[in-house]
K.L.:
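Here's a structure for you.
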Amino acid sequence: MVGYLGGGPLVEGLLKVGSCLEARAGVSVELFLKLVERAPREEYGDFGFPLLRFVRADSIEGVVGSVASCLGGSVDYLSLDVVKGFLNIRFNEVKLGGVVIDLTANGWAPGIARVGDGEVKTIVVEHTSANPVHPLHMGHARNSSLGDTLARMLKARGHRVVRRFYVNDMGRQVAVLTLGFKILGLTPQYVASRLKAKIDHAVGWVYALTHTTIDLVLARKGAIEENVESLASTIARLREKDVELADMIIENVMKLEDPEAELSRIMSRYEAGLEPERSIVRSVAGKVIEGFKETLEKLGVEFDYWDWESDVVWSGLLSSTLEKLKGSRYIVKHKDALALDVARVAKEVVEPSGELSQTIRLPRGFEIPPMILARSDGTTLYWTRDIAYSLYKFESSKADMVVNVIAGEQRLPQLQIRLALLALGRVREAVNMIHYDYEMVRLPGRVMRGRRGEYVSLDEIVEDAEARALQEVLKRNPGLGVEEARIIAGKVAVGAIRFSLVQPGALKPIVFDVEKVLNFEENTGPYLQYTYARAHNILEKHGPIDFSLADPRAYGDSLRRALLIQTLTYPLVAAKAADELRPEDLASYLLKLADTFNRWYQRDSVIHEQDMGAREAKAILVKLVRDVLSSGLGVLGVPVLERM
RNA sequence: GGGCCCGUAGCUCAGCCAGGACUAGAGCACCGGCCUUCGGAGCCGGAGGUCCCGGGUUCAAAUCCCGGCGGGCCCGCCA
C-alpha cells in the first residue's frame, strides 16, 4: 500500500480502520481508501464505506464488531456503526479536536500526505511543448496549467519531479517559418521592433503569412484542398500589419515553383546541421522560446529542461535508437519505407498479457496502422524522434515514470510510441509512460489555427484578465495605491485563468469564453483567494493563538465540527488527487471547503467571542482553513493573497 | 467505413472508473432578502432536471452492457 505520512489524526484514524478491515474482512486498505467517502447526511456519521459489497448482510454486524475490537484502544476519537449496509465512521469532535490542538501547538499543519520513504519516485512531467512558431494561445494554457499542476501535486506528494519542455524544431512548421525568415533576411528582433510586437507574436505573424501564402500556391496547383479566396483574404488581413515586409514574403513565396520541395530541402539541411538553416532556426525558435518563458512566468509555470528535438538527432540518440529498432523482428517495409508493424506488437506482446493491455490502452477491434520510421529518402519522422526522446526522458533523469501532457488528438501516435518501446523490449518504460490526455480548448464555432494567425494569445488573455481584475480591486479597495493594486490584480488574473483551466475534468471539451475566465465569483480561483485573504485577516486581527486556552468542546457546534472534519480530510484528498493525477478533485474539494468556511464565519465571530476557550479553538479552525487553502492553492498554482 | 472522447437545470460543470444512504449536487444567469461587516469577490431564501434516446443486466442503474442519436478528435512517407 502507498503511504500517507503526515496525514494528521483524522487520516491516521481512517488508515487504522482500513488496516483492521483488511485484517478482519479481507478488504485491502487501498480499496477501503478508494471507496470510503464523506457520509451524505450527518446522522450517518462522518465517513461511510459500502461494506455490503464485500460482506454478506447477515454477517455485517459481526465483522464491524471484529473491526472495532481490532482497533481496541488505539484510536479513542472515532467510533463505528452500521447503517443500511454501510460501515459508518464517526469522529468524536471533542477528542479529535483535543489531539489537533496539541498537534497545531507543536507546529503541525495539514498538507498533502507524503508517500513512504521507499515509495519516492522520480517522475518526469513533459508538458506544453508548443511548436516554437507562434505565441502560446489558450489551447496551450490548458496544457501548461494541467502539466504544471500535476508536477506541483506530485512534488508535494513527496516525489522527485523533473519538468521538461520538448522544443519541436525539426518539423515542417519550423521549416515554413525558416523559409519566411530566409526570404526576409532579417532578425526576429528587428521584425518585432518594426511591428511593435512581443517577439513571439512577431514571429507568429511571419509564420502565418508564409504558411498561408505557401498554401495559396499549393491550392492553386490543386495540391491541397483549400479555398483559394479564403486563403487570399487571410493573406490580405495579415498583410495590413506591415505591407512592406508582407510583400517581400508573399512575392518570394509566389515565385517558388515547388514550395514543398523547398521545405523538404530546409528540413533535411537542418537535420544535417547545415548553415544558414541551423542559425536561422536556432535564433528564431530561440526567440520564440524566450517569448514563451515570459508568458509562462506570468502564470507561474517553470521548466527544469528545454529539450531540443534537433539535439536528439545531433547527439546520435536518434540513430542509435533507429539501429536498435532495425534489429527488431517487427520491422517491415511499408510501400518502400522503413516501418514498424505495431499491430503485430499489439497482437503478440500486449494482448496475451491482461496487465499490459490495460496499461497500454489498446482500442478494441481497431486496425493500428504501421508506424513509418523513415521516409524513403531516409529522413525521419517526428514520432521516430519521439521514440528516442521517450527513452531519453527515462534515462537522463533515471525516471520511474514519465507523464506526457499531450492533447487527446495524439492518442494514436502516443499509443504507437508505447508499442514501439515494447518492440524494443522496453516493457518498464512502455508501462510507465503515461499519456495524460486532455481535450483541446476551442473557440466558439471554430478551432484556433496558428498557421492562419487565428488564435487568442495567452498574453492577450492575461492582459484582459489583469485589466478586469484591476477594475475590481480598485472598486473594492479605493484606498489602495495603483502599484499595489496592479500586483494584486496580476495575481487575481493568474488565479482566475489557471483555476478555470484545471477545474473541469481534463477530458471535458472546453469552449473558450472570455467572460467565464474573467468571472471572479463563486467557483473560481479568485473566490478561493478571497476566502484565503479573509481567513488570513481574521487571524491577523486575532493575534497569536494561545493554544493552552483552546477548548475542544467548542467543536460541538455543527458548522465548526464540519469545518474541523473537512480541513483534516485534506491530506488524504490531496494525496489521492496526486496519485490519480486528478487536479480537478483537489479543486472541487477546495471550493467546498471555502463554502463551508464562508457560511460559518459570517455567523460565528472569532474575535468577538467572549469565551476564551471557544475563541482560541475557533482561531485554530481558521488557521486550519488558511493552511489548507495555502497548500491547495499552492499546488494548483493559484497565488495566495493577504489583501485583494 | 473504423476507433477514441464528451453528452446531467437556460448556460458552465460535479457525481460515472470502484452500481446502493441520490428525494441527482454546485456555480453563472433569473427572482426575493442581508448595506447594524472579524473586508459584500460574501451570506440567507426561491425558482429551475425526460441524468441524450431505446433496450438489457441487477433486489437496486446518472453509474455496468448492447444498439442508436448529437458534438469533437484521430485513422498521412504532417507536427
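Convention: sequence-line order gives letters A, B, ...; per-chain numbering from 1.
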K.L.:
Please report the distance, rounded to the nearest Å, between CZ in A/Arg142 and P in B/C5.
P.N.:
16 Å

K.L.:
What contact category does A/Asn88 fall into here, base, sugar-phosphate, or nothing, at under 4.0 angstrom with non-hydrogen atoms?
P.N.:
base

K.L.:
Using a distance-only test with no angle check, is there a side-chain donor-acceptor pair under 3.5 angstrom linking A/His211 and A/Gln173?
P.N.:
no

K.L.:
Using a heavy-atom cut-off of 4.0 Å across all strands, would you classify A/Pro50 as base, sugar-phosphate, or nothing?
P.N.:
nothing

K.L.:
I'd like to know if the side chain of A/Tyr438 pairs up with that of A/Asn143 as donor and acceptor (distance under 3.5 Å, no hydrogens or angles considered).
P.N.:
yes

K.L.:
With a 4.0 Å cut-off on heavy atoms, is A/Gly505 in touch with a base, just the backbone sugar-phosphate, or nothing at all?
P.N.:
sugar-phosphate

K.L.:
Does B/C17 have a Watson-Crick or wobble mate here (both distances under 3.5 Å), and if so which one?
P.N.:
none

K.L.:
Between B/A79, B/C38, B/A18, spot the one nearest the side chain of A/Leu35, thanks.
P.N.:
B/A18

K.L.:
Please state the C1' separation for the pair B/A29 and B/G48 - nearest whole angstrom.
P.N.:
11 Å

K.L.:
Output one letter per nucleotide in nucleotides 22-35 of chain B: B when a protein non-hydrogen atom lies under 4.0 Å from the base, S when only the sugar-phosphate is that close, - when neither is.
P.N.:
SB--BSSS------

K.L.:
Report the distance from atom CZ of A/Arg53 to atom P of B/A60, rounded to the nearest whole Å.
P.N.:
17 Å

K.L.:
Counting Watson-Crick and G-U wobble pairs only, both distances under 3.5 Å, name the nucleotide matched with B/A26, or none.
P.N.:
B/U12

K.L.:
On RNA chain B, compare the nucleotides closest to A/Gly408 and A/Leu87; which residue's is nearer the 5' end?
P.N.:
A/Leu87

K.L.:
Taking only the C1' atom of each, what is the distance from B/G67 to B/C77 in whole angstrom?
P.N.:
39 Å

K.L.:
A side-chain contact here means heavy atoms from C-beta on lying under 4.5 Å apart; do A/Met644 and A/Tyr530 qualify?
P.N.:
yes

K.L.:
Suppose we define a pair by two distances each less than 3.5 Å, Watson-Crick or G-U wobble; what does B/C38 pair with here?
P.N.:
none

K.L.:
Reckon A/Gln414 touches a base, only the sugar-phosphate, or nothing at all at heavy-atom distances under 4.0 Å?
P.N.:
nothing

K.L.:
Both distances below 3.5 Å, Watson-Crick or wobble geometry, any strand: find the nucleotide opposite B/G76.
P.N.:
none

K.L.:
Applying a 3.5 Å limit to both distances, which nucleotide forms a Watson-Crick or G-U wobble pair with B/C43?
P.N.:
B/G33

K.L.:
Between A/Pro504 and A/Asn168, who's closer to the 5' end of RNA chain B by nearest nucleotide?
P.N.:
A/Pro504

K.L.:
Heavy atoms only, 4.0 Å cut-off, all strands: where does A/Arg534 land among base, sugar-phosphate and nothing?
P.N.:
base

K.L.:
For A/Asn477, which contact category applies under a 4.0 Å heavy-atom criterion: base, sugar-phosphate, or nothing?
P.N.:
base

K.L.:
For the pair made of NZ in A/Lys508 and C1' in B/C73, what is the distance, rounded to whole Å?
P.N.:
16 Å

K.L.:
Determine, for A/Tyr601 and A/Arg534, whether the Lys NZ or Arg CZ falls below 6.0 Å from the six-membered ring centre while staying within 45 degrees of the axis.
P.N.:
no

K.L.:
Does A/Tyr438 place a side-chain N or O at less than 4.0 Å from the phosphate oxygens OP1/OP2 of B/G72?
P.N.:
no

K.L.:
For A/Thr380 and A/Glu271, does a side-chain donor sit closer than 3.5 Å to a side-chain acceptor?
P.N.:
yes

K.L.:
Pairing check on B/G70: which nucleotide meets the Watson-Crick or G-U wobble criteria with it, both distances under 3.5 Å?
P.N.:
B/C6

K.L.:
Any chance the side chains of A/Gln566 and A/Thr596 put a donor and an acceptor closer than 3.5 Å?
P.N.:
yes

K.L.:
Nearest to the side chain of A/Glu409, which nucleotide is it out of B/A79, B/C74, B/C38?
P.N.:
B/C74

K.L.:
Provide, to the nearest angstrom, the distance between the CD atom belonging to A/Glu580 and the C1' atom belonging to B/G15.
P.N.:
14 Å

K.L.:
Partner lookup for B/C64, please. Criteria are Watson-Crick or G-U wobble with both distances under 3.5 angstrom; report none if nothing qualifies.
P.N.:
B/G56

K.L.:
Describe the nucleic acid contact of A/Arg615 in one word from base, sugar-phosphate, nothing, applying a heavy-atom distance below 4.0 Å.
P.N.:
nothing

K.L.:
Using a heavy-atom cut-off of under 4.0 Å over every strand shown, decide if A/Val83 touches base, sugar-phosphate, or nothing.
P.N.:
nothing

K.L.:
Just checking A/Val492: base, sugar-phosphate only, or nothing, at a heavy-atom cut-off of under 4.0 Å?
P.N.:
base

K.L.:
Atom CD of A/Glu584 to atom C1' of B/A14: distance rounded to whole Å?
P.N.:
10 Å

K.L.:
If you look at every strand shown and take non-hydrogen atoms under 4.0 Å, does A/Ala533 touch a base, only sugar-phosphate, or nothing?
P.N.:
base

K.L.:
Regarding A/Met170, tell me which of base, sugar-phosphate or nothing describes its non-hydrogen contacts under 4.0 Å with the strands shown.
P.N.:
nothing

K.L.:
Whole angstrom is fine here: how far is it from CG in A/Leu563 over to P in B/C43?
P.N.:
13 Å

K.L.:
Write down the distance between CG (A/Asp585) and P (B/A14), rounded to a whole number of angstrom.
P.N.:
10 Å

K.L.:
To the nearest angstrom, how far is A/Leu507 atom CG from B/C5 atom P?
P.N.:
8 Å

K.L.:
With rounding to the nearest 0.5 Å, note down the distance linking CG in A/Leu591 to CG in A/Leu586.
P.N.:
9.5 Å

K.L.:
Can you see if the side chain of A/Arg361 gets near the phosphate of B/C4 - specifically, an N or O under 4.0 Å from OP1 or OP2?
P.N.:
no

K.L.:
For A/Lys34, does the NZ atom sit with more than 12 other heavy atoms under 6.0 Å from it, leaving out its own atoms?
P.N.:
no

K.L.:
Report yes if at least one side-chain N or O of A/Arg411 is closer than 4.0 Å to OP1 or OP2 of B/G3; otherwise report no.
P.N.:
no

K.L.:
For the side chain of A/Leu412, counting heavy atoms from C-beta on, which of B/C38, B/C75, B/C77 is nearest?
P.N.:
B/C75

K.L.:
Looking at B/A79, I'd like to know if its phosphate oxygens (OP1 or OP2) sit under 4.0 Å from a side-chain N or O belonging to A/Arg451.
P.N.:
no

K.L.:
Taking the same atom, P, in B/G71 and in B/G25, what whole-Å distance lies between them?
P.N.:
31 Å

K.L.:
For A/Asn131, answer base if it contacts any base atom (sugar-phosphate contacts may also be present), sugar-phosphate if it contacts only those atoms, and nothing otherwise; contact means non-hydrogen atoms under 4.0 Å.
P.N.:
sugar-phosphate

K.L.:
Choose from B/C6, B/A79, B/C75 the nucleotide whose nearest atom is closest to any side-chain atom of A/Pro509.
P.N.:
B/C6

K.L.:
Rounded to whole angstrom, note down the C1' distance from B/G19 over to B/C69.
P.N.:
25 Å

K.L.:
Are the side chain of A/Thr149 and the backbone N or O of A/Ser145 linked by a donor-acceptor pair below 3.5 Å?
P.N.:
yes

K.L.:
If the P atom of B/U63 is compared with that of B/C52, how far apart are they to the nearest Å?
P.N.:
8 Å

K.L.:
Under a 3.5 Å threshold, yes or no: a donor from one side chain and an acceptor from the other, between A/Asp386 and A/Tyr166?
P.N.:
no

K.L.:
Using the P atom as the reference point in each nucleotide, state the distance between B/G27 and B/C44 in Å, no decimals.
P.N.:
9 Å

K.L.:
Look at the side chain of A/Pro363 and decide which nucleotide, out of B/A79, B/C4, B/C75, has an atom nearest to it.
P.N.:
B/C4

K.L.:
Base, sugar-phosphate alone, or nothing: which one does A/Lys516 contact when heavy atoms must sit under 4.0 Å apart?
P.N.:
sugar-phosphate

K.L.:
Using the P atom as the reference point in each nucleotide, state the distance between B/C66 and B/C5 in Å, no decimals.
P.N.:
12 Å

K.L.:
Pick base, sugar-phosphate or nothing for A/Asp169, based on heavy-atom distances below 4.0 Å to the nucleic acid.
P.N.:
nothing

K.L.:
Whether the side chain of A/Arg498 engages the backbone of A/Ala141 through a donor-acceptor N/O pair (distance < 3.5 Å, no angle test) should be reported.
P.N.:
no

K.L.:
With rounding to whole Å, what would you report as the distance between B/G7 and B/C51 at their P atoms?
P.N.:
15 Å

K.L.:
Just by distance, no angles: are the side chains of A/Gln503 and A/Ser500 close enough, under 3.5 Å, to form a donor-acceptor pair?
P.N.:
no

